[in-house]
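Input: a single structure, listed below in structure tokens.
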Amino acid sequence: MKSLLAILFLAAVLFGAWWLFFKTDDSPGSGPKQESIEVGKHTPAFNESIANSVNSYLDMKSAFVEADTFNVKKEAQKFISMMDNVKLDDLKKEDSQIVMAAQQEISDIKANAQAILLENDISEMRQDFRMVSENLYPFLKTIGYEGEKLYWQNCPMAFGEGKEANWLSNTTEIINPYLGKHDPQYKASMLNCGEIKDTIK
């Protein structure tokens, strides 16, 4: 009996020693937590240049809501200037393909914004704004946008039945820049026509 107790005691001691020195604790939440790694953190100067461009785009969108062609052109010109000042040098430390994609998207954005300046018809200007939006949305995703939350919104009948268009907004409220407050057919009744399709943050 004593030998059996001695064997059990020895086994307990050996198990305890193994537990203390060799067992690794894999249970969730144990041990020091690994800090999350921030990928592609931009400089304040880069983020400021993007914020200025986004704010200028939002001012242009507001001018479209009012169907104010004078202000649309003024804000479009300002937006082009802001896009010219985007500090892409900040991206050069990253993948060269990201830089090339961002450069191409900026070129497309500016080309469509410049087309707005050549138009006088609000409907044609809105078509160009649609293309600015379609290029700005992937650009913000390409660069890893770090500004305030934006909402990718959609109107299924922006240019007539079945002819949709998208835009970016900094609020969840739908304020449609394609039908706006002074639409010749709908007046202001379609101002809130649309839905949120995506968020960027």
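Everything quoted here is computed from the prediction, not taken from an experiment.
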Using a 3.5 Å cut-off and no angle test, enumerate the donor-acceptor pairs between side-chain atoms of residues 64-72 and protein atoms at least two apart in sequence or in another chain.
from : atom 1 : to   : atom 2 : distance (Å)
E66  : OE2    : K181 : NZ     : 2.8
D68  : OD1    : F70  : N      : 3.2
D68  : OD1    : N71  : N      : 3.1
D68  : OD2    : N71  : ND2    : 3.0

Between [X] and [Y], does any side-chain donor sit less than 3.5 Å from a side-chain acceptor?
X    : Y    : value
E105 : T142 : yes
N120 : K73  : yes
D198 : Y137 : yes

Return all side-chain donor-acceptor pairs below 3.5 angstrom for residues 158-167, not counting sequence neighbours, or 'none' if the list is empty.
from : atom 1 : to   : atom 2 : distance (Å)
E164 : OE1    : N154 : ND2    : 3.1
N166 : OD1    : N154 : ND2    : 2.8
N166 : ND2    : E134 : OE2    : 2.8
W167 : NE1    : Q153 : OE1    : 2.9

[X]: which of [options] passes side-chain contact (heavy atoms from CB on, under 4.5 Å):
X    : options          : answer
K110 : N135, V132, D84  : D84
Y57  : I109, L150, L168 : L168
L117 : Q77, M125, K74   : Q77

Query raised in the report: Same hydrophobic cluster for F46 and V99, using side-chain heavy-atom links shorter than 4.5 Å among ILVMFWY?
Result: yes

Query raised in the report: Are M131 and Y178 co-members of a hydrophobic cluster defined by side-chain heavy atoms under 4.5 Å apart?
Result: no

Ignoring hydrogens, what is the shortest heavy-atom contact between [X] and [Y]? Give both atom names and the distance.
X    : Y    : result
K61  : I175 : NZ-O, 4.2 Å
I116 : A76  : CG2-CB, 4.0 Å
I80  : A113 : CG1-CB, 3.6 Å

Requested in this report: Find the distance between CG (L140) and CG (L136) and round it off to the nearest 0.5 Å.
Outcome: 4.5 Å

Query raised in the report: Are F79 and F129 an aromatic pair by the rule of ring centers under 6.0 Å?
Result: no

Report task. Hydrophobic side-chain clustering at under 4.5 Å (ILVMFWY, transitive links): who's grouped with L118? Put none if nobody. Result -> none

Query raised in the report: Would R126 and E124 pass as an ion pair if we require N to O under 4.0 Å?
Result: no

Requested in this report: Output yes when a side-chain donor or acceptor of H42 lies under 3.5 Å from a complementary backbone atom of Y145, and no otherwise.
Outcome: no

